[in-house]
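What follows is a set of notes on a single structure, which appears directly below.
Below, all heavy atoms of this structure are taken into account, side chains as well, without hydrogens, waters or symmetry copies. In the text below, chain A, chain B and the rest are named by the order of the sequence lines, each starting its count at 1.
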Amino acid sequence: MLTDLAPQAGLPLLQNLNPEQLAAVTLPAGNALILAGAGSGKTRVLTTRIAWLLQTGQVSPGGILAVTFTNKAAKEMMTRLAAMLPVNVRGMWIGTFHGLCNRFLRAHWKLAGLPSTFQILDTQDQLSAIKRLMKQFNVDDERFPAKQTQWFIAGAKEDGLRPRDIEARSEDDRKKIELYQLYEEQCQREGVVDFGELMLRSYELLRDNDPVREHYQRRFRHILIDEFQDTNRLQYAWIKMLSGAIVEGTFHPGGNSVIAVGDDDQSIYAFRGARVGNMADFVREFDVRQQIKLEQNYRSYSNILDSANALIGHNTKRLGKNLRTEQGPGEPVRVYESTSDFAEAQWMVDEIRQLARDGIDRSEMAVLYRSNAQSRVIETALFNASVPYRVYGGLRFFERAEIKHALAYLRLLENKDDDTSFLRVVNFPPRGIGARSIEQLQDAARARGQSLHDAVGLLGGKAGSNLSAFVAKIDVLREQTQGISLREIIELVLDHSGLIEHYKADREGADRLENLDELVNAAESFVTQEGFGRDAVALPVDELRQSAASQGIDTSRPLLDIPLADLAPDADTGETLSPLAAFLTHAALESGDNQAKAGQDAVQLMTVHAAKGLEFDCVFITGMEEGLFPHENSMSDRDSLEEERRLMYVAITRARKRLYLSHSQTRMLHGQTRYNLKSRFFDELPDSALKWLTPKNQGFGQFGGGMTSAGRAGGSSGSRFGSGYGGGNRAPETYGSGAVPIQKAAPAHGLRISQQVFHNKFGEGTVTALEGSGDDARAQIKFSRHGIKWLALSVAKLTPV
DNA sequence: ATGAACGCAATTTTT
DNA sequence: TTGCGTTCAT
């Protein structure tokens, strides 16, 4: 059977693959799309494919380009590959889009018009660079918030657009384009590139430089892209360029093999430029003949999968795919309704403790939520119950202020013109350089078109002498760090910058000192792990050829690469970067672990986005309410609603054995109690797979259709809470504090959820949510003709129907 | 130059 | 409600 699909099925590498996986792994050269469902062994297929290509002698390591979205995924691929084959992993280009572009630009910095020491701006740095720019040009930051400008610039780059490529449709557009242009000039002057620039510069160099492009096109015979649904326009164009398949807009047969692996149902990053449409474009533009669906799921029981399948079936724009499992139904998906977010958290804590008593590791339990703000109540409840937990997200290691400060000093050693870094530390720790002196310096620098560092000499007076002392310190440090180890460099800089001393004097500096210590460790392990000069294991090319030939695989294509040096004399593999430069790049491209520290067995708390790619035995999806999940900002148009649904799909498919969904009648949000309907997604799940832990029907609790409106307005409190709901009869004091404002906030306007109302302008509608009280009271109303709107009840004239 | 006081906004996030 | 950034007062 299997041997019909591929004569090489006997290879140990290919054992235990299902037919679809095997087909994907052994696809003949050519472009292909692999639709890989959640838990279908996608990473395994990708890595096995690479291993197979190498083992059968179809390509040498240098001919492989594998792109992932995150460092974690790249690392995993490397590790797995190294375990499969004794191969020189470093010869392959496996990494993130940005990591690979960096590698490329380090090799071709001159052609790309960059200084060899160019530094990478992360999102924070970019924002501060933009703020500085806008201040300098006196841009009204009310009208053009820096954040928005940043969004504009990043968005343009993701679409591959330079300022001159953008058409101004309004005065505001014109200004933004101008700012983009000025920002570019500033970055160029300072020798820094942002994330988008890494991609765009690489793309442009490939596009504009024939020998370079041809070299890489000839080199990368096999291009593999993971999480293809998350690629943006520019990344797609970059792949197209490297593939050599598209020449002047038309498909060019004989290009490299491009294999795109993705899942349109798990596309959840449209908001940051990801374009699912790339999948369809790829099929069309690359003339894809081979499409393989990996639908066999090895993760979850069928009640969970059926729920996921049913839910995602409500999306219209899909390539079409259904997950299946051989694992039997398993437990039903449990649904719980609580009276308040406190009660929801309390219920969850009780459930978690029970699961722990039943012997499930806490690290196999995940609590997922749509937005970070929701974690607080849950954390409090877990904390009070002394249940160990771990929250994912938040500041990462290299993003912490003290680390950024230390890095800024280090960056100045590498690149004195990096004004962003200069400004970050010129007066930190404080050394008597105030805002005025800095302004003077900036003026002088601007007038001469110099960097802040170089302009210091132009200033006299006291300000000048303090600044000169700072610059001298940096320059001396630069001298002193020549020829010493990375560890020593960092220790020296930490010491001489005054950072250590500063934090020692700070009563609350202990954590920061610890982090600075950690930075030294990070550098240490970076040097050993990245393996400067590590011995590579050579691949026995001749043997491979023979083995390939014996299996009837065409080995006539040459295996050896065309040496880069022949084509681009200034090329440099990037591996001669100084350890410091390499470390700074590493810090910018891998902001460090987002994973909370390992340690004791703890419940995992994270957003649904953060959970993508992970799996757990037990999963709680909380806050399943209209306005929260789907999020209110995404409820009005179809595309974003579909993205919310995909998000829910991702959430559901994280669970292996047990899945809980919970929603609450009331929730504290932005300091106000909100009354939310339960999520529409409940209606899209199969009843047969669900088990309601609380009575279903009542729908929306005390505000639901079952009650008369008279019961609501001033209402005698007592019976409103608790009756019939699990949350109501447990330790009420725990969340009593939550109940009080709820009662006070009982609406006086007499509206209730699901009530029909009439509005003079919008016509008839249904109340779908209420929040606030008194003059602040607002109602969300779904109008039959005008969609969903929030109306302030003190303003809007609504008549009950 | 540091802390208090005020105003404001408040999904999702990797590189 | 919270957290942040800016401004004001010491």
Whole Å only: how far is the [atom1] atom of [X] from the [atom2] atom of [N]?
X         : N       : atom1 : atom2 : result
Glu625(A) : dT11(B) : CD    : P     : 16 Å
Glu399(A) : dC4(C)  : CD    : P     : 13 Å
His631(A) : dA9(B)  : NE2   : C1'   : 12 Å
Gln124(A) : dT14(B) : CD    : C1'   : 14 Å
Arg370(A) : dT13(B) : CZ    : P     : 8 Å
Leu368(A) : dT11(B) : CG    : P     : 19 Å
Leu647(A) : dT13(B) : CG    : C1'   : 12 Å
Leu121(A) : dT14(B) : CG    : P     : 18 Å

May I ask you to verify whether the side chain of Arg376(A) and the base of dT2(C) hold a donor-acceptor pair under 3.5 Å?
no
Between the base of dT15(B) and the side chain of Thr123(A), is there any donor-acceptor pair under 3.5 Å?
yes
Residue list, side-chain contact (heavy atoms from CB on, under 4.5 Å) with Lys404(A), at least two apart or on another chain
Asp122(A), Gln124(A), Asp125(A), Arg424(A)
Test salt bridge (Lys or Arg N to Asp or Glu O under 4.0 Å) on Arg436(A) and Glu439(A) and set out the steps.
CA-CA 5 Å; Arg436(A) 257 188 331 282; Glu439(A) 256 170 56; over 6 Å; no
Shortest non-hydrogen contact from Ala611(A) to Arg654(A)?
O-CD, 3.2 Å
Closest approach of Glu644(A) to Ser634(A) (non-hydrogen atoms, all atoms of both residues):
OE2-OG, 3.3 Å
Check every atom of [options] against the side chain of [X] and return the nucleotide holding the closest atom.
X         : options                  : value
His98(A)  : dT11(B), dA1(B), dT15(B) : dT15(B)
Pro430(A) : dT12(B), dT14(B), dT2(B) : dT2(B)
Lys131(A) : dT13(B), dT2(B), dT6(C)  : dT6(C)
His670(A) : dT15(B), dT2(B), dA10(B) : dA10(B)

Would you indicate, yes or no, if [N] has its OP1 or OP2 atom less than 4.0 angstrom from a side-chain nitrogen or oxygen of [X]?
X         : N       : value
Asn71(A)  : dT14(B) : no
Arg396(A) : dT14(B) : yes
Asn633(A) : dA10(B) : no
Thr607(A) : dT11(B) : no

Quick one: label [X] by what it contacts on the DNA or RNA (base, sugar-phosphate, nothing), any heavy atom closer than 4.0 Å.
X         : value
Glu644(A) : base
Phe271(A) : base
Phe97(A)  : nothing
Asn372(A) : sugar-phosphate

Does the plane of the ring in Phe428(A) sit parallel, tilted or perpendicular to the ring in Tyr503(A)? Use 30° and 60° as the thresholds.
tilted
If the plane angle is over 60° it's perpendicular, under 30° parallel, otherwise tilted; pick one for Phe583(A) and Phe398(A).
perpendicular
Under 4.0 Å between a side-chain nitrogen and a carboxylate oxygen: does that hold for Glu227(A) and Lys612(A)?
yes
Which residues satisfy the ring pair (Phe, Tyr, Trp, His ring centres under 6.0 Å) test with Phe137(A), sequence neighbours excluded?
none
Does the structure place the NZ or CZ of Arg680(A) under 6.0 Å from the centre of the six-membered ring of Phe629(A), at an angle of no more than 45° from the ring's axis?
no
Nucleotides 8-10 of chain C: which of its N/O atoms have a protein N/O under 3.5 Å away?
none

Taking for each residue the nucleotide of DNA chain B with the nearest heavy atom, is it Ala373(A) or Ala588(A) whose nucleotide lies nearer the 5' end?
Ala373(A)
Taking atom P in both dT12(B) and dG5(C), compute the distance separating them and give it to the nearest angstrom.
16 Å
